[in-house]
2 protein chains.
Amino acid sequence: MPRQSDARTLSSLRHALQALRCFSQDEPELGITEISRKLGLSKSTVHRIMATLAEEGFVHRDEETHRYRLGLSVLSLGGIIMSNLEICREGQHLLEEFVHRFDETVHLAVLEDFCTVYVSKLECKHPVQIATHVGRRNPLYCTSSGKVILAYQDESMVEEVIRRGLQPFTPNTITHPDRLRKVLAQIREAGYATSVGELRPGVNSVAAPVRDYTRRVIGAVTAVGPAARFTDEKMRSLAKTLLSISKEISNRLGYYERVSSRTRLQVSHSMGRPT
Amino acid sequence: MPRQSDARTLSSLRHALQALRCFSQDEPELGITEISRKLGLSKSTVHRIMATLAEEGFVHRDEETHRYRLGLSVLSLGGIIMSNLEICREGQHLLEEFVHRFDETVHLAVLEDFCTVYVSKLECKHPVQIATHVGRRNPLYCTSSGKVILAYQDESMVEEVIRRGLQPFTPNTITHPDRLRKVLAQIREAGYATSVGELRPGVNSVAAPVRDYTRRVIGAVTAVGPAARFTDEKMRSLAKTLLSISKEISNRLGYYERVSSRTRLQVSHSMGRPT
DNA sequence: TATCACGTTCCGCATAGAGAAACAAGTGCG
DNA sequence: CGCACTTGTTTCTCTATGCGGAACGTGATA
């Protein structure tokens, strides 16, 4: 019996999309057999899938090795998203200013499917570079952007994240539910989040929340860098600017602060002033 | 009888990929009916396709309007390509230097399937901005990058481009085969190409060729800007720098000039120094 | 040369998926 | 207010489609 094809969706298409997902930063080039093993499908099936993907330009077949890599068609699609994601459009120039001023790498991340997805990245000139890329997904509980987003979601989402498991990536990763809940409370207090080597050792980050017109936190602005440069003090300093940037982006997305109304947000915005 | 395409590819998958392609800069959001009309498929078929794409995160279904837009999964794929395209990796910082120095928008474009595809874009700070995006495809005969790439391809490719038709986009677009052939010869002479409002009125560009280790021209570095700023003189000046950048990128891709017996030794970062 | 692993092709059967039509849920108009 | 349009979604039936096992070709390795 094959994999349970739950709904009324197309199994062949689903397999093809999963095949596309097999490609990654570390494995940008794959052969038929590799993919068929990853997906548990027969070689002939995968071959047919790849032939179709290649014909449509979604993968590129190397004529010599007969192995496959992602094609440029997906770049087009990516570009379309980028230039239509409102948060991207509005944020780009603010991020550029940030990089110019601090010379630190900065990302824009959004929430999707219990992950943060980087939708924009601006690199600094420093020789030390943290290997991330646009489109990269990370868990919510071990990055500054993830935590700051999570901090402002419904409690049920926090519980779901916990239920899915707090897998440790480094010794610093938060793995205890109660600790996570506590940290999130602190983040709401401060208005921003930090990560000190929680996803990768020696890599720190700071993040501030971005809201849309519904007042929901939908993303974050985050600066990333090596622990050597990202001291506590420096991160506090960066946080100030990140908060003003995130606020500006939020405004452009239609968000406006309602200071004195009886809404569910008494977390005040002491933006420049860390408590 | 349904349209009979190549026997050994999956029609449902092909349709799905074509559905993805329906999305564009101008139409970032589509409904089932629109797509089904574009592709000539029944609504139920398209609905099944979109449901699967949505399930895998390749499109996002708006819960209110029940319309679809591209999902963030394709961003991930795009990011993987970007960080693995050698030409991108090698060129990024050189382009950044260029933008810093001239404050003009610059692209990296590669050849694919009789089109140029922008694989990298760095924007300048100027208020006037030319709306392009990474992944964007343009014809070969009406952009500076396209023409400079075409100039160094086999003659058969030129003829194929001509055969496919030289559609005019502006009054300046080259539409006569003989004129195109002559222009390409001039480009080989000069070593770089320009476009003066050939794709869009009032938008000029300059481009220099990038070669890989097989000495084939596989891409181009190109600066784009409004005609007001991009005078002949300025473009000549930009061309010098673009040529040195494109040469440097070519070197990093394994290309070495064999004109002089001088090996690729002094590949200093001294951009701007002509030759 | 023999063996292995790989990509590719062939083929027959079961089923996945195409489409017509019915259904539901808005939306605009008189 | 209700009617004539949309739109997206579901159901159903039948057959073309695409699945997997096996065979084939080819290039490496020993």
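- Among residues two or more places apart in sequence or in another chain, the side-chain contact (heavy atoms from CB on, under 4.5 Å) test is passed with Ser120(B) by Cys88(B), Gln92(B), Leu95(B), Leu108(B).
- If you take CD1 of Ile49(A) and C1' of dC19(D), they are 10 Å apart, rounded to a whole angstrom.
- When the side-chain contact (heavy atoms from CB on, under 4.5 Å) test is applied to Ala220(B), the partners found at least two apart in sequence or on another chain are Ser145(B), Val148(B), Ile149(B), Ala207(B).
- Rounded to whole Å, atom P of dG26(C) lies 13 Å from atom CG of Asp62(B).
- Between the CD atom of Glu63(B) and the P atom of dG26(C) there is a distance of 13 Å, rounded to whole Å.
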Identify all pairs in which a protein N or O lies below 3.5 Å from an N or O of nucleotides 9-13 of chain C, and state each distance.
none

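- When the ring pair (Phe, Tyr, Trp, His ring centres under 6.0 Å) test is applied to Tyr141(A), no partner is found at least two apart in sequence or on another chain.
- Using modelled atom types and a 3.5 Å distance limit, the side chains of Arg21(A) and Ser73(B) yield a donor-acceptor pair.
- Under the salt bridge (Lys or Arg N to Asp or Glu O under 4.0 Å) criterion, Glu64(A) pairs with no residue, sequence neighbours left out.
- Annotation: side-chain contact (heavy atoms from CB on, under 4.5 Å) contacts of Glu112(B) (sequence neighbours excluded): Leu72(A), Val117(B), Arg137(B).
- The interatomic distance linking Leu10(B) (CG) with dG20(D) (C1') rounds to 14 Å, in whole Å.
- What separates NE2 of His15(A) from P of dG20(D) is a distance of 8 Å, to the nearest Å.
- OP1 or OP2 of dT17(D) has not a single side-chain nitrogen or oxygen of Arg14(B) nearer than 4.0 Å.
- Applying the side-chain contact (heavy atoms from CB on, under 4.5 Å) rule to Ile218(B) yields the partners Ile87(B), Asp212(B), Leu253(B); only residues at least two apart in sequence or on another chain are considered.
- Rounded to a whole Å, the CD atom of Glu64(B) is 15 Å from the C1' atom of dA25(C).
- If you find the closest nucleotide of DNA chain C to Ser42(B) and to Glu34(A), the one lying nearer the 5' end belongs to Glu34(A).
- At the phosphate of dG18(D), neither OP1 nor OP2 sits under 4.0 Å from any side-chain N or O atom of Thr45(A).
- As a whole-Å value, the separation of Ile32(A) CD1 from dG7(C) P is 6 Å.
- Within residues 21-29 of chain A, no residue approaches DNA chain C, by heavy-atom distance under 4.0 Å.
- Taking atom NE2 on His66(A) and atom P on dG25(D), their separation rounds to 16 Å, with Å as the unit.
- Side chains of Arg252(A) and Leu94(A) form a contact here, defined as non-hydrogen atoms less than 4.5 Å apart.
- Among pairs with a residue in residues 66-76 of chain A, those fulfilling salt bridge (Lys or Arg N to Asp or Glu O under 4.0 Å) read Glu29(A)-Arg67(A), Glu29(A)-Arg69(A), Glu34(A)-Arg67(A), at least two apart in sequence or across chains.
- At the phosphate of dT6(D), neither OP1 nor OP2 sits under 4.0 Å from any side-chain N or O atom of Thr33(B).
- Two residues, Arg67(A) and Leu13(A), neighbour DNA chain C, and the one matched to the more 5' nucleotide by heavy-atom proximity is Arg67(A).
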